[in-house]
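The structure appears right after this line, and notes come after that.
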Amino acid sequence: MTDKSPLPKLRVATTSLAGCFGCHMSFLDIDEHLLELVEIIQFDRSPLTDIKHCGPCDIGLIEGGVCNAENVHVLREFRANCRTLIAVGACAINGGLPAQRNHLDLGECLQQVYVGREGLEDGRVPDDPELPLLLDKVHPIHEIVRVDYFIPGCPPSGQAIWKFLTDLIGGRTPRLVHPLLRFD
Ligand code: SF4
């Protein structure tokens with residue numbers, strides 16, 4: 001007798017580190033394919049769920065680079081729990097726009113932003129212990145953990161993300177070619 005029980009769904013987690021959520025918006029741009037996707041995957045930690053910590057997953061998608069101590073913690077948690085880790089977008093791959101601050105002195109930068117500016121109440125750099133500690137530089141995620149795949153673009157298109165995921169889930173080596181593969 002053939003076993004008709006459905007295959008267990010793949011678990012997929014997503015997060016944004018130092019990013020703008022544009023890559024997540026692109027993910028949502030796969031539109032009606034989302035309905036196909038939720039037939040075969042289940043979301044773990046993601047802005048699309050209210051799950052706070054990443055559990056054991058098949059695929060982790062990371063948007064954004066690493067700019068503070070909390071980003072490092074979340075990224076390591078994803079790497080420890082996700083069988084396949086994917087860097088999505090320019091910020092995760094090379095630091096992107098947030099890394100523009102890397103040629104500036106962080107202390108001077110904070111002074112410029114917070115001290116002596118009109119409209120700021122106490123004119124000092126915020127130092128609440130709840131705030132994650134900033135790193136001197138913004139790092140691409142592969143400088144912190146091993147990364148299995150990279151999807152370039154700022155953001156990559158919804159079609160590119162869909163093609164990449166369906167290749168991966170289908171057991172094929174993910175392959176993007178122009179115009180899906182682009183770096184802007
Ligand atoms: Fe936003 Fe572009 Fe960075 Fe994605 S790659 S998080 S769209 S700035």
Side-chain angles (χ1 to χ4, degrees), residues 12-34 37-38 41 43-54 57-82 84-104 106 109-110 112-113 131-169 174-184:
V12 176
T14 80
T15 194
S16 179
L17 304 177
C20 74
F21 280 92
C23 289
H24 272 84
M25 294 309 291
S26 227
F27 185 24
L28 294 179
D29 267 351
I30 67 175
D31 297 330
E32 69 274 10
H33 290 311
L34 270 175
L37 201 57
V38 294
I41 72 158
F43 282 106
D44 195 276
R45 176 185 168 146
S46 168
L48 306 172
T49 64
D50 196 27
I51 301 173
K52 306 292 187 212
H53 292 283
C54 181
C57 282
D58 298 288
I59 299 170
L61 298 156
I62 307 272
E63 165 199 294
V66 180
C67 80
N68 63 36
E70 192 203 10
N71 293 162
V72 175
H73 172 78
V74 171
L75 180 56
R76 289 198 168 132
E77 186 186 54
F78 264 65
R79 180 66 279 179
N81 282 290
C82 298
T84 301
L85 194 68
I86 306 172
V88 183
C91 297
I93 294 172
N94 60 30
L97 201 58
Q100 294 296 307
R101 76 157 161 86
N102 285 358
H103 66 281
L104 303 171
L106 180 60
C109 208
L110 291 170
Q112 285 278 333
V113 171
L131 294 172
L133 205 60
L134 287 176
L135 306 182
D136 277 353
K137 306 280 181 209
V138 178
H139 298 267
I141 67 170
H142 69 83
E143 288 185 4
I144 316 292
V145 298
R146 178 176 57 80
V147 175
D148 299 296
Y149 293 104
F150 301 83
I151 310 180
C154 179
S157 67
Q159 297 100 302
I161 295 172
W162 173 244
K163 166 79 167 59
F164 201 94
L165 280 179
T166 46
D167 276 353
L168 193 62
I169 291 169
R175 198 173 297 283
L176 294 179
V177 292
H178 184 77
L180 294 184
L181 181 67
R182 57 185 178 76
F183 298 88
D184 58 341

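All ligand and atom numbering here is 1-based and tracks the order in the structure.
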- Query: Any donor-acceptor pair under 3.5 Å linking the side chain of Asp44 with the backbone of Cys57?
  - Reply: no

- Query: So which of Ser16, Ala90, Ala92, Gly64 gets nearest to atom 5 (S) of ligand 1, if we judge by its closest heavy atom?
  - Reply: Ala90

- Item | Metal proximity, Cys23 vs atom 2 (Fe) of ligand 1, N/O/S cut-off 2.8 Å | no

- Where ligand 1 meets Cys20 - atom numbers and elements under 4.0 angstrom, heavy-atom basis: 1 (Fe), 6 (S), 7 (S), 8 (S)

- Count the heavy atoms belonging to other residues, nucleotides or ligands that lie under 6.0 Å from CD of Glu143, then report whether that count exceeds 12. yes

- Query: What distance do Arg79 atom CZ and Leu85 atom CG have between them, rounded to the nearest 0.5 Å?
  - Reply: 4.5 Å

- Between Arg45 and Ile51, the two heavy atoms sitting closest are CG-O, 3.4 Å

- Task: Give the residue and atom name of whichever protein heavy atom lies nearest to atom 2 (Fe) of ligand 1, and the separation in Å to one decimal.
- Result: Cys154 SG, 2.4 Å

- Message: Using 30° and 60° as the class boundaries, would you call the ring planes of Trp162 and His33 parallel, tilted or perpendicular?
- Response: parallel

- Numbered atoms of ligand 1 (with element) below 4.0 Å of Glu63, judged on heavy atoms: 6 (S)

- Among Gly96, Cys91, Ala99, the residue with a heavy atom nearest to atom 3 (Fe) of ligand 1 is Cys91

